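Data block below; observations after.
What you see is a predicted model, and the numbers here were worked out from it, not measured in a lab.
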Amino acid sequence: MMQFNIEKGSDMVKDFLCSTCEEQELDESADYYCGSCKKCYCCKCIHMHSQLFIKHSPYGRGDMKKWPVAKKVEDFLIKCDVHKEKNLEILCKDHSQLCCNFCVLLNHSKCKTVMLLSDFGNNTSTDLKHVSDTIQTTLAELKELQNNLEASIQGVQSSFDEQLHKIQETREKVIAALNMLEKETLREMKDTLTTIQATLKSDVDKCATLQDELKQLGDAILEISNKSRQELSLIASIKYQDKIQLFKNYWKNFVKVKPSINFQPYSDIVQYLSKFSGLVRIDQGDPDQIIRIDKKSEYDGNMISDDCVIRDFCVLPSGQVLVADMNKVKLLNQQFKLVSHCSLSNAPLSICQITPSEVGVTVGKEVQFIKVNKSQLVIDRKLRLEHSCYGIAHHQGDLFVTSGCALYKYSLSGELVSKLHQCKSGTQVKCTVEKCAVSPTGDKLYITNSSQDKLLTLAMDGSVLATFMDPILKLLCGVHVTPVGQLLVCGRNSNTILQVDSKGNKKLATLATQRDGVNSPCSVSYNNNNGSIIVGQRDKNKILVFKVQ
């Protein structure tokens, strides 16, 4: 009775077929629907229908609301997404999920509130207008996201092409350098060849001269041998001895030593080049490059109440800033204006990014997940743990949570993976394992011990790699790692912000002090979107922002 036409680049367009023509195996679009007959008719067949059924009132395409729901649409809505051959018949209210019989059997047999859809009857009202508007809005946003992703693909391709050009340039430079080395080596060899050949040519000439002289001497001796010329014989004898000695010298120097040109290649060049994995290096930045502070800005931290204790920040890729403050989490725009906020059951102590639009917040003995949806904060699921929750960090699906005296590793579903670190003081003193952070490469963890003003650097198995202390750092309470691995810490009682080397061994720089307006800093964070350091303070209702040079 109906067919669906799908055109490329357009939405699915449904069309009803004439029931009478369809019986004759003809595909003719219907122009009318008769509610009494429950059939569709084309313009030709409707005339016969009208003559046979005078009292029937068919509806034209201008009154499509009174036409039936297309079978294709009905199947699309009623079929189970998982078990395609089954119809949706049940609603699990525990999970707000539509189910077929197989879904209930496999996944919802232990759920408490499972109801048949037929039990809802016709009394359940649904604002389809709102649903339709929301779908259209979401489609527009999805299209925008798709366009952004496609633009990102093009951007990545452009950067790839640019880097490919750099690789080719680097290759040409390496080849040019090798060509220059080859040219200089050949020049040096030719100079050596010329020098050796000139020396040998000189010696050849000397030998030829000696041969002539010896031949003349021999001829002269033959001439005077039968003549009594004692004086000439003495001269000939002495000349003979000189020439023979000269010959012996030539023989000694040039017969035993055979000159040749040899070279030894610099194997160091090959060994040096073999150490590289490629012609270019992907630059992730230097984790120990010292940060230089430029100008400072201040923003009001109150926004909602007169009391403000900013315990932690989280900067999203969008540039929006989430603030853990008192018993609230606040969402600020890039100008630090309040956009949204939500109240929690207790004071949030630490906050970290999970996805580009989701964060985890430590509250009491829980990790509360909060999503950012259209610049609004939405309370999501929570993980209830067996210990107090202080610091939190996330890396590639691993969740790191501190209890005040220990560091734990969890999965995002709340499953305990391991206890990585436990305070060895022998007592359950709080704040020995307070805040935590993880390196961008995921190979190191940093934890603060505010009771002893220590910063510990751990390997991913929990072993201690380094311990950092500095007299200028009092009540160490905040730790943060920038996207390139630069390590920032703050001391609340010393009013200082320090940069520590990525290994956690030594201080690289004092970035800001009380002279710069820092007063009881509780948290420090880096905004990669605009290159700035954000400082939250306990005793002063101001958010400090230091622009980085």
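Looking at Glu172 and Gln168, their side chains never bring a donor and an acceptor atom within 3.5 Å of each other. For the residue pair Gln320 and Ser318, a side-chain donor N or O sits within less than 3.5 Å of a side-chain acceptor on the partner.
Contact check on Glu184 versus Arg187 returns a salt bridge, with a Lys/Arg side-chain nitrogen under 4.0 Å from an Asp/Glu carboxylate oxygen. One finds no salt bridge joining Asp501 and Lys506 here, because no Lys/Arg side-chain nitrogen approaches an Asp/Glu carboxylate oxygen to under 4.0 Å.
Nearest heavy atoms, Lys409 versus Leu420: CB-CD1, 4.0 Å. Nearest heavy atom pair, residue Leu412 against residue Leu383, reads O-CD1, 3.9 Å.
With hydrogens and angles disregarded, a donor-acceptor distance shorter than 3.5 Å links the side chain of Gln422 to the backbone of Cys405. With hydrogens and angles ignored, the 3.5 Å screen pairs a side-chain donor or acceptor of Asp453 with a backbone N or O of Leu475. Side-chain atoms of Ser357 do not come within 3.5 Å of backbone N or O of Lys371 as any donor-acceptor pair. Looking only at distances, no side-chain donor or acceptor of Lys507 sits under 3.5 Å from a matching main-chain atom of Gln499. Within the 3.5 Å criterion, the main-chain N or O of Gln452 finds a donor-acceptor partner in the side chain of Asn449. Asp312 places a side-chain N or O within donor-acceptor distance of the main-chain N or O of Ile351, the cut-off being under 3.5 Å. Glu298 places no side-chain N or O within donor-acceptor distance of the main-chain N or O of Leu544, the cut-off being under 3.5 Å. Of the possible polar contacts, none joining the Ser375 side chain to the Val339 backbone as a donor-acceptor pair under 3.5 Å is found. Without hydrogens or angle criteria, Asp516 side chain to Thr513 main chain gives a donor-acceptor distance under 3.5 Å. With hydrogens and angles disregarded, a donor-acceptor distance shorter than 3.5 Å links the side chain of Gln368 to the backbone of Asp380.
At least one side-chain heavy atom of Val367 sits under 4.5 Å from a side-chain heavy atom of Val401. The shortest side-chain heavy-atom distance between Leu511 and Ile533 falls under the 4.5 Å cut-off. Side-chain contact check for Val372 versus Leu316: some heavy-atom pair is nearer than 4.5 Å. Between Tyr526 and Val315, every side-chain heavy-atom pair lies at or beyond the 4.5 Å cut-off.
Crowding of Gln549 atom CD: a count of heavy atoms from other residues, nucleotides or ligands under 6.0 Å exceeding 12. The 12-atom threshold is exceeded at CZ of Arg381, counting heavy atoms of other residues, nucleotides or ligands nearer than 6.0 Å.
Rounded to the nearest 0.5 Å, atoms CG (Leu349) and OG (Ser523) are 11.5 Å apart. From Lys166, atom NZ reaches atom CG of Asp161 across 12.5 Å, with rounding to the nearest 0.5 Å.
Judged as a salt bridge (Lys or Arg N to Asp or Glu O under 4.0 Å), and not counting sequence neighbours, the contacts of Asp133 are Lys129. Residues passing the salt bridge (Lys or Arg N to Asp or Glu O under 4.0 Å) test with Glu141, sequence neighbours excluded: Lys374.
A parallel orientation is assigned to the rings of His387 and Tyr408, their planes being inclined by less than 30° (bins at 30° and 60°). Using bins of under 30°, 30° to 60° and over 60° for the plane-to-plane angle, the ring pair His83/Phe102 lands in the perpendicular bin.
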| task | Starting from the C-alpha separation in whole Å, work towards a yes-or-no answer on side-chain contact (heavy atoms from CB on, under 4.5 Å) for Tyr446 and Leu456. | result | CA-CA 6 Å; Tyr446 305 99; Leu456 297 183; over 6 Å; no

| query | Between Ser502 and Asp288, does a side-chain hydrogen bond (donor to acceptor under 3.5 Å, both in side chains) hold up when you go through it step by step? | reply | CA-CA 6 Å; Ser502 59; Asp288 293 331; 3.1 Å; yes

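For the side chain to side chain contact (heavy atoms under 4.5 Å, CB included) with Val438, the lone residue among Leu445, Val481, Asp398, Leu458 that qualifies is Leu445. With Glu434 as the fixed residue, the side chain to side chain donor-acceptor pair (under 3.5 Å) test singles out one of Ser450, Ser403, Ser451, Ser350: Ser450.
Within the structure, side-chain hydrogen bond (donor to acceptor under 3.5 Å, both in side chains) pairs that include any residue of residues 460-485 comprise Asp461-Ser463, Thr482-Gln486 (at least two apart or interchain).
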